[in-house]
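Let me begin by presenting the structure, written as structure tokens, before commenting on it.
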Amino acid sequence: VVVVCSIELPKPQLGEPKDLCSLRMQPAQEDALTVSQTLDKLLAKDTVQVELIPEKKGLFLKHVEYQVTSQHFKISVYRRYSDFDVFHELLLQRFAYRMVPALPPKRMLKGEREFIEGRRRALCRFINLVARHPFFSADELVKTFLTFNGSDVQTKMRDAHKKMGDEFMTNRLATQAKEYLPTDIQVQFSTSRELIRNIHNSFHKLRDRAEKMAERSKENAADLLMFGRELSTLGSDTLPIPSLASSQGAWGTLRQSLKGLSVEFAVLSDKAAQQGRREEDDVVEKLNLFLDLLQSYRDLCERHEKGVLHEHQRALQKYSMMKRQMMSATVQPKEPASVEQLESRIVQQENAIQTMELRNYFSLFCLHQETQLIFAYLPITSHILGAFVKSQVQGHKEMGAVWNDLQPKLGCLFGEGETALPPLLLMKITN
């Protein structure tokens, strides 16, 4: 007895198996298309530190160099911005169908110190995203950048790139990409792209707010320090108190107390500054890291549309024009040599179109995988929220402790009767 049952399965989401039957029948195809990565696996691939080293000053110019330390390769190398620039250029040529993060600008946009630090942070985010990318991390080009200690790393990287070519030439699945793609790949791509665009916009706003909060913490630190200094200035006034002042003795005592309060306010200022640095390092930087990745996905989508698809369309138009010329030649007899030359050009164009079609499918194949990577990174949201809450709890706890220590010292500023009053009642009487 053969029992046949038909079960209609839901359409697969991007990166998910098409259906159980096809998963059993074509495991190799599904495995090739699916990127089995979690955020923890991606973060564990490598952590790269990028630190400024002392500036080398020439007669007219000074160059900024960076010490780049890979935890995975356990080595430190020295790189200049121009090395990053060449590496980025070669990476785009090698992996044109993958998410390659952008580099920060070369030229100075803000104050020198602020610009150099901002660029260092951006370079650090760039190299970490590259080193953790599952298709970049084991590549010879990346290994050369992170480990080569010779005098001319740029030549070494260019030589390595010449030997390899681009990913389409070296990936064993490149010419078979069409076979692995789901039938509704274009629909899935459009849906995912719209969702990721919305995520990008929301994270951009979150980053802007986090930056403002970090900036306010720094401003609060400066205000607290100045507040304490003004109290110290007030308490340091040595001019004698005139006899007509009814509270001559009280003001003298009060003045001495004010002078000592500047120490506590300096401590409060330091705590607020630490809070600002925590918000910047633990929250804003994580948001910027994910935003860099999301922007690289947007750039990749544009490269796919404006590059591969556009070139394919131009090749088809050129081919169509050649075919018309060939038809015209058959109707109006021409020299045999010119006809043969036209036929040869048509064959070459057909080969070019075939290659472009294969590249187009490979581009979609890579887009499918890169989209999965974006979703694999999404749990970083919980890391960011955790860092944000932790920084706030720690900051308020530390500043609260200083304020609590400061409160008893204010007793000498008031009479015994006043300090015995509840704080709220004292506030109302004062107002």
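All residue numbers refer to positions in the sequence shown, counting from 1. Note that the structure is a prediction, hence the values are computed from the model and not measured. The figures that follow rest on heavy atoms only: side chains count, while hydrogens, waters and symmetry mates do not.
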Would you say [X] and [Y] make side-chain contact, with heavy atoms under 4.5 Å?
{"X": "Leu33", "Y": "Leu173", "answer": "no"}
{"X": "Lys218", "Y": "Glu280", "answer": "yes"}
{"X": "Cys301", "Y": "Leu367", "answer": "yes"}
{"X": "Leu287", "Y": "Val284", "answer": "no"}
{"X": "Val77", "Y": "Gln67", "answer": "no"}
{"X": "Met226", "Y": "Phe265", "answer": "no"}
{"X": "Leu123", "Y": "Leu103", "answer": "yes"}
{"X": "Leu364", "Y": "His304", "answer": "yes"}

Nearest 0.5 Å please: distance from the [atom1] atom of [X] over to the [atom2] atom of [Y].
{"X": "Leu300", "Y": "Tyr97", "atom1": "CG", "atom2": "OH", "result": "10.5 Å"}
{"X": "Leu261", "Y": "Glu230", "atom1": "CG", "atom2": "CD", "result": "13.5 Å"}
{"X": "Asp139", "Y": "His161", "atom1": "CG", "atom2": "NE2", "result": "10.0 Å"}
{"X": "Gln407", "Y": "Glu264", "atom1": "CD", "atom2": "CD", "result": "13.0 Å"}
{"X": "Thr371", "Y": "Leu195", "atom1": "OG1", "atom2": "CG", "result": "10.5 Å"}
{"X": "Ser236", "Y": "Arg229", "atom1": "OG", "atom2": "CZ", "result": "13.0 Å"}

Query raised in the report: Given Tyr66, which of Arg120, Glu51, Arg79, Arg119 fulfils the side chain to side chain donor-acceptor pair (under 3.5 Å) condition?
Result: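 Output: one option passes, namely Arg119.
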
Query - Worked verdict on Asp166 versus Arg359 for salt bridge (charged side-chain N to carboxylate O under 4.0 Å, His left out) - result: CA-CA 11 Å; Asp166 77 336; Arg359 282 186 174 271; 2.7 Å; yes

Under a 3.5 Å distance rule, please check whether [X] uses its side chain to pair with a backbone N or O of [Y] as donor and acceptor.
{"X": "His396", "Y": "Gln392", "value": "yes"}
{"X": "His368", "Y": "Pro182", "value": "no"}
{"X": "Asn404", "Y": "Gly400", "value": "yes"}
{"X": "Ser232", "Y": "Gly228", "value": "no"}
{"X": "Asn128", "Y": "Val48", "value": "yes"}

Requested in this report: With side chain to side chain contact (heavy atoms under 4.5 Å, CB included) as the test, would you mind laying out the steps for Gln369 and Met99 before giving the verdict?
Outcome: CA-CA 10 Å; Gln369 293 182 323; Met99 292 185 295; over 6 Å; no

Report task. Kindly write out the residues that satisfy side chain to side chain donor-acceptor pair (under 3.5 Å) with Gln176, not counting sequence neighbours, or none if the list is empty. Result ->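 In terms of side chain to side chain donor-acceptor pair (under 3.5 Å), with neighbours along the sequence ignored, Gln176 is linked to Tyr180.
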
Check: [X]/[Y] side-chain N/O donor and acceptor closer than 3.5 Å:
{"X": "His133", "Y": "Glu370", "value": "yes"}
{"X": "Arg193", "Y": "Tyr297", "value": "no"}
{"X": "Gln274", "Y": "Gln394", "value": "no"}
{"X": "Asp83", "Y": "Gln154", "value": "yes"}
{"X": "Thr175", "Y": "Tyr361", "value": "no"}
{"X": "Gln275", "Y": "Arg278", "value": "yes"}

Requested in this report: May I ask you to decide whether Arg197 forms a salt bridge with Glu194, counting only side-chain N to carboxylate O separations under 4.0 Å?
Outcome: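 Salt bridge present between Arg197 and Glu194.
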
Report task. Report the C-alpha separation of Asp85 and Arg80 in whole Å, then their side-chain angles, then the decisive distance to 0.1 Å, and conclude whether the side chain to side chain contact (heavy atoms under 4.5 Å, CB included) test is met. Result -> CA-CA 9 Å; Asp85 194 27; Arg80 287 171 55 180; over 6 Å; no

Report task. Return the set of residues passing salt bridge (charged side-chain N to carboxylate O under 4.0 Å, His left out) with Asp46 (not counting sequence neighbours), or none when no residue passes. Result ->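 With neighbours one apart ignored, the set is empty.
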
Requested in this report: Under the salt bridge (charged side-chain N to carboxylate O under 4.0 Å, His left out) rule, collect the residues that match up with Asp281, sequence neighbours excluded.
Outcome: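 Partners of Asp281 under the salt bridge (charged side-chain N to carboxylate O under 4.0 Å, His left out) test: Arg121.
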
What are the two closest non-hydrogen atoms of [X] and [Y], and how far apart are they?
{"X": "Ser137", "Y": "Ala131", "answer": "CB-O, 3.1 Å"}
{"X": "Arg94", "Y": "Gly165", "answer": "NH1-O, 3.1 Å"}
{"X": "Glu279", "Y": "Ala214", "answer": "OE1-CA, 3.0 Å"}
{"X": "Val283", "Y": "Ala210", "answer": "CG1-CB, 4.1 Å"}
{"X": "Val130", "Y": "Phe87", "answer": "CG1-CZ, 4.0 Å"}
{"X": "Ala222", "Y": "Ser269", "answer": "N-OG, 4.4 Å"}

**Report entry** Pair Phe290 and Phe203, ring centroids less than 6.0 Å apart
**Finding:**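 Under 6.0 Å, so yes.
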
List the atom pairs, with distances to 0.1 Å, where a side-chain N or O of residues 379-388 and a protein N or O form a donor-acceptor pair under 3.5 Å, not counting sequence neighbours.
{"unit_1": "Thr381", "atom_1": "OG1", "unit_2": "Leu378", "atom_2": "O", "d": "2.8"}
{"unit_1": "Ser382", "atom_1": "OG", "unit_2": "Pro379", "atom_2": "O", "d": "2.7"}

**Report entry** Under the ring pair (Phe, Tyr, Trp, His ring centres under 6.0 Å) test, residues paired with Tyr78 that sit two or more places apart
**Finding:**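 If we apply the ring pair (Phe, Tyr, Trp, His ring centres under 6.0 Å) test to Tyr78, skipping adjacent residues, there are no hits.
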
Report task. List the steps and the verdict of side chain to side chain contact (heavy atoms under 4.5 Å, CB included) for Leu90 and Arg158. Result -> CA-CA 7 Å; Leu90 295 175; Arg158 287 192 173 98; 4.0 Å; yes

Query raised in the report: If you count the non-hydrogen atoms of other residues, nucleotides and ligands that lie under 6.0 Å from NZ in Lys156, is the total more than 12?
Result: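 Open.
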
Report task. Mark yes when over 12 heavy atoms from residues, nucleotides or ligands other than Phe227 sit less than 6.0 Å from its CZ; otherwise mark no. Result ->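 No, not enclosed.
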
Requested in this report: Only one of Asn288, Leu129, Leu373 passes side-chain contact (heavy atoms from CB on, under 4.5 Å) with Leu293; say which it is.
Outcome: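 That would be Leu129; it is the only one of Asn288, Leu129, Leu373 passing the side-chain contact (heavy atoms from CB on, under 4.5 Å) with Leu293.
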
Donor-acceptor contacts under 3.5 Å from residues 143-151 side chains, at least two apart:
{"unit_1": "Thr144", "atom_1": "OG1", "unit_2": "Glu140", "atom_2": "O", "d": "2.8"}
{"unit_1": "Thr147", "atom_1": "OG1", "unit_2": "Lys143", "atom_2": "O", "d": "2.5"}

